[in-house]
Each structure stands twice: as C-alpha cells, then as structure tokens.
Enquirer: 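After the structure tokens below, expect a handful of questions from me.
Reckoned from all heavy atoms, side chains included, excluding hydrogens, waters and symmetry mates. Lettering follows sequence order; numbering is per chain, from 1. Because the structure is a prediction, the values reported are computed rather than measured.
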Protein chains: 2
Amino acid sequence: MDIPEGVIDRLPKYARALGQLEAEGRDVVSSQELGVRLNITHAQIRKDLSYFGRFGKQGRGYNVQMLLDELRRIVGLNRQWKMALVGVGRLGRAILGYEGFSPQGFRIVAAFDSDPSLIGTRINGLTVKPVADLEKELCDGGADIGIVATPAETAQSVIDSLVRCGVRAILNYAPAFPNVPDGVHVRHIDPVLALQAMTYHLKAGAGPG
Amino acid sequence: MDIPEGVIDRLPKYARALGQLEAEGRDVVSSQELGVRLNITHAQIRKDLSYFGRFGKQGRGYNVQMLLDELRRIVGLNRQWKMALVGVGRLGRAILGYEGFSPQGFRIVAAFDSDPSLIGTRINGLTVKPVADLEKELCDGGADIGIVATPAETAQSVIDSLVRCGVRAILNYAPAFPNVPDGVHVRHIDPVLALQAMTYHLKAGAGPG
DNA sequence: GGGTGTGAATGAGTTCACAGCT
DNA sequence: AGCTGTGAACTCATTCACACCC
C-alpha cells in the first residue's frame, strides 16, 4: 500500500498535538478538536489515520494515549536516531546548540568541516572531524540521518558521501537542490525561499490567497 | 487569475538558479537545463512560467537576464522588506546573526522579547525591546514581515499582535500552528517535523518512496 | 446525539503531446 | 532541428456524505 507524502507530513503533527493533549491530562479527543488545533479538517484527519488502521471509537473519539503510541510506532519516534552534521560554520554551530532535537530522540553524534582551524575543536561535547574522513568515520553505520549546513557549492559532494555511507535521510540547510538516488529522502530548510514565496503575496496586494 | 501555491513556491527557486546562471555568464537557458538543476520537470517549469507571460523563444530557450528580471518583479524581490523578530532566545539570536537575509533584501529592523534581562541589550546593532511594546512600536507600518522565535505557548498571542499591526506574512520558528485570518500568510520552519516525516521512511525499510 | 471509517465525488496539480515559432 | 506554450488527459489528494457503531 502506498501512502501519500502529504499524509506522512501530517502524522508527526498529530503526534505532537496528542503529546500536548496528554500533558494536559486529556483521555479522549475527536478528529474535530484535533483539527481545530492544527488547522486541518476532521475528514482529513480521519482519512489519514484510516491508512494505518482503525484507532477510534464511534461516538467517542480517539484515546489520546493509545493513538499517540500508535503514531509514534508508525512514524518511528519510539527510538533514537543518530545524525551526522556536516558544516560547522555559524549555522552549523547553531544547529549543534539547538536543544530541540534530543528530547525527540534525534542526537547529533558526529560533526565534520573542511576548515582546518575548526578541526579538532570541541563544540557541545563533539570533536569536529575533517570532512575528508567522513566516509571512513561514518560508513560503518555511524549515522541514520545527515544534516548538511555547508555552502551550496559543496552540498552535492557532501550528500554523495553521506549516501555512499548508507544515509537515506538528509536535512539540507544549504541553499541547493542536490540530486539523490531513489530511496534517499531530502528535506530542505530554507528560510529565504519561504520568505520569498510570501513576498509574492505581499506585493500582490491585501487580498487573501 | 488564481495561481496555485505550488507555483509560487517554485518561482523563487527559478530566480535563484537564474542568479547562478547569470553569475556563470550564461545568456540563455532552456527549461530542460533549468529543470535538471532544480529536480523539476521541464513541462512543469514552462507551465509555471506561462501563468505570468511568454518569456521564452521557441527553439532557443529563455534569456537568463530577462527572465531573472521578470521573476524578481513577479515575486517582489526587487525591493527591501522590513522584518520584526519576536523572541531573542538562543534561536532568535541565531536568526539575528544569519547573514543570508540581507543580501536578498530582507532586513531585521526590530527585535522583541519578554525576558527583562534581555530588554535593552544590543545584539547585532539592534536594541531588544519589550514584547509588550510591540504594537506601539510596529503599528505604524514598521515591518512587512514577522519572524516568530518564541516558545510554542506564546506564538499565538505574538502573531495576533503582529496581525493587528498589519503584518501579513509570518515566518514561524515556533513549534505551533497558530490561527491567522484570511490574507495572512504563515510559513513554518520546523526541523523536527521534517526529520520525523523522514523517519517514517527510514523505519519502513530500504525501498524508495 | 455524537463521532468514526470509507467509498464516491470533487477538485487541484502535474504530465503529456503536439502545434507553432525560430 | 530545437524548444516554447498550452489545451487535454491523467494522476493524485481532499472533501463530501452517509452507513454504522457507541
């Protein structure tokens, strides 16, 4: 069975909202209420969940704890993921210092850079290694996910290296669109593109859209 | 005429690629070649551009400089945009220090926080102001775009304030999905959600998808 | 009554394929 | 020959609406 990518994108949102509901001590939630929290229609939520099973009770809704457990299992949030960071410039250091990853099970276990003045330095408990050693260090399954925070010019070769090491998921902060083989997933974090997509609407006038 | 959002998202990518081609000294480019650079089909590119006009020459392709100018005009990249940052914690300071905005015409002109120990301090040439003064400071058209880097709990109220000041575009780094009126555009930067959407595929096995 | 699960209907977006220009 | 621009075909995703269950 093939699940639309849009569905996959929403599952973590559901999990996050359910985590909040759990923290609020709620036992049960309806697709309606979940939808209001996330700006998603209730029909959409039920349809999405129906790809994976029947988790609700008619007339009642979903058990918060149970649905949260199911979603964590489906999305793969019930384990630790090891990440390798490439590029320890200004942006890379901010990523290393970000406290939001580890509570969600994402841990940066290696950091690489090409700048000799950075190599060997310790940042947040991690020693920066030369990017030339990336494949040597990582190809024994050292990381599940790659984070690329290099200049655009080097992103493709870095990603090629990561892919050769079996990395099949890449979070790309570089302003570039590298090619990857089938089965490798890339997500782009690009605030400038996000801003530019919005300026189109700002420029166009006050109307919605 | 109503333009699909996916088209709007791709226009800045075209502009970026054309900027690179220009820097490489290229005069002409085909939809085919542009597509290879961006992992977008040539039919898609031609269709996207056709929403706005006829910019190419059959048998030849697109004039790089001319198409770049047109796209900049369409997307609104040919002017300066003023942004207000709310939340000057660890993440907010990284955003203030990011060098990628100003070359693209995006300038942070104000920074707000609720932490008394931050208020009044200068960061990157900007004095941090109390978030309580946001509407007073901004409602005279002080900013076109809001950047929200607060905790999830305060994101909604901050965004409400920004919207009351006429801000119609928000770049949201907070892990929250606030409600905004029609005509206000929100883009979410959420690396954890991006990672979680990928772990679904990692967990599922080695196949593509 | 209230809310789920789901086939059917609708809608949106992408790809095809080709006429037409250079 | 080469490449654009675009209606038509098609694929994919969302919404509707209702049977069914609590």
Enquirer: Can you measure from CG (B:Leu67) to CD (B:Glu22) and round to the nearest 0.5 angstrom?
Expert: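 Rounded to the nearest 0.5 Å, the CG-CD separation comes out at 11.5 Å.
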Enquirer: Assuming nearest nucleotide by heavy-atom distance, tell me which of A:Ala43 and B:Arg54 is located more 5' along DNA chain D.
Expert: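 Mapping each residue to its closest nucleotide by heavy atoms, the 5'-most match is B:Arg54.
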Enquirer: Determine the interplanar angle of the A:His188 and A:Phe177 rings, folded into 0 to 90°, and report it as parallel if under 30°, tilted if 30 to 60°, perpendicular if over 60°.
Expert: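 If you compare the ring of A:His188 with that of A:Phe177, the planes turn out tilted.
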Enquirer: Counting the atoms with a prime plus P, OP1 and OP2 as sugar-phosphate, which does A:Gly56 contact under 4.0 Å by heavy atoms, base, sugar-phosphate, or nothing?
Expert: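 Contact class for A:Gly56: sugar-phosphate only.
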Enquirer: With a 4.0 Å limit, can you tell me whether B:Gln44 has a side-chain N or O closer than that to the phosphate oxygens OP1/OP2 of C:dT14?
Expert: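 For B:Gln44, the contact criterion (side-chain N or O under 4.0 Å from OP1 or OP2 of C:dT14) is met.
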Enquirer: Hey, does the side chain of A:Ser31 come within less than 4.0 Å of C:dG3's phosphate (OP1/OP2), counting only N and O?
Expert: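 So the side-chain polar atoms of A:Ser31 never come under 4.0 Å of the phosphate oxygens OP1 or OP2 of C:dG3.
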Enquirer: Whole Å only: how far is the CD atom of A:Gln58 from the P atom of C:dG3?
Expert: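 Taking CD of A:Gln58 and P of C:dG3, I get 12 Å after rounding.
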Enquirer: If I take atom CG in residue A:Asp48 and atom C1' in nucleotide D:dC12, what distance separates them, rounded to the nearest angstrom?
Expert: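 So the two atoms are 14 Å apart, to the nearest Å.
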Enquirer: Looking only at side-chain N and O atoms, does A:Asn39 offer a donor or acceptor that is under 3.5 Å from a partner on B:Asn179?
Expert: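 Indeed, the side chains of B:Asn179 and A:Asn39 share at least one donor-acceptor pair under 3.5 Å.
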Enquirer: So does B:Tyr62 get a side-chain nitrogen or oxygen closer than 4.0 Å to the phosphate oxygens (OP1/OP2) of D:dG5?
Expert: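 Checking B:Tyr62 against D:dG5: at least one side-chain N or O falls below 4.0 Å of OP1 or OP2.
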Enquirer: Check the distance between C:dT4's C1' and A:Tyr51's OH and give it to me in whole angstrom.
Expert: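 So the two atoms are 16 Å apart, to the nearest Å.
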Enquirer: Is there a side-chain polar atom (N or O) of B:Arg46 under 4.0 Å from OP1 or OP2 of C:dC18?
Expert: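 Result: no.
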Enquirer: With nearest nucleotide decided by heavy atoms, which residue, A:Lys47 or B:Arg60, maps closer to the 5′ end of DNA chain D?
Expert: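 Its nucleotide being nearer the 5' end, the pick is B:Arg60.
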Enquirer: Is there a side-chain contact between A:Leu21 and A:Arg37 (heavy atoms, below 4.5 Å)?
Expert: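 Counting from C-beta outward, A:Leu21 and A:Arg37 do come under 4.5 Å.
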Enquirer: Could you state the CD-C1' distance from B:Glu5 to C:dG11, rounded to the nearest angstrom?
Expert: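 One finds 17 Å between C1' of C:dG11 and CD of B:Glu5, rounded.
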Enquirer: Measure the distance from NE2 on A:His42 to C1' on C:dT6 and round it to the nearest whole Å.
Expert: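 It is 14 Å, rounded to the nearest whole Å.
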Enquirer: Whole angstroms only, please: what is the CD1-P distance between A:Ile3 and D:dC12?
Expert: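 After rounding, the gap between these two atoms is 14 Å.
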Enquirer: Rounding to an integer number of Å, can you tell me how far B:Asp9 CG sits from C:dT14 P?
Expert: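 Interatomic distance, CG of B:Asp9 to P of C:dT14: 10 Å.
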Enquirer: Rounded to whole angstroms, how far apart are CD1 on A:Ile45 and P on D:dT14?
Expert: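 From A:Ile45 CD1 to D:dT14 P: 12 Å.
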Enquirer: Taking the side chain of A:Ser30 as its heavy atoms from C-beta onward, which of C:dT4, D:dG7, D:dG5 lies nearest to it?
Expert: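 Looking only at side-chain atoms, A:Ser30 lies closest to C:dT4.
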Enquirer: Pick base, sugar-phosphate or nothing for B:Gly61, based on heavy-atom distances below 4.0 Å to the nucleic acid.
Expert: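 Result for B:Gly61 = sugar-phosphate.
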Enquirer: For A:Ala84 versus A:Phe112, what's the shortest heavy-atom pair and its separation?
Expert: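 Closest heavy-atom pair between A:Ala84 and A:Phe112: CB-CE1, 4.3 Å.
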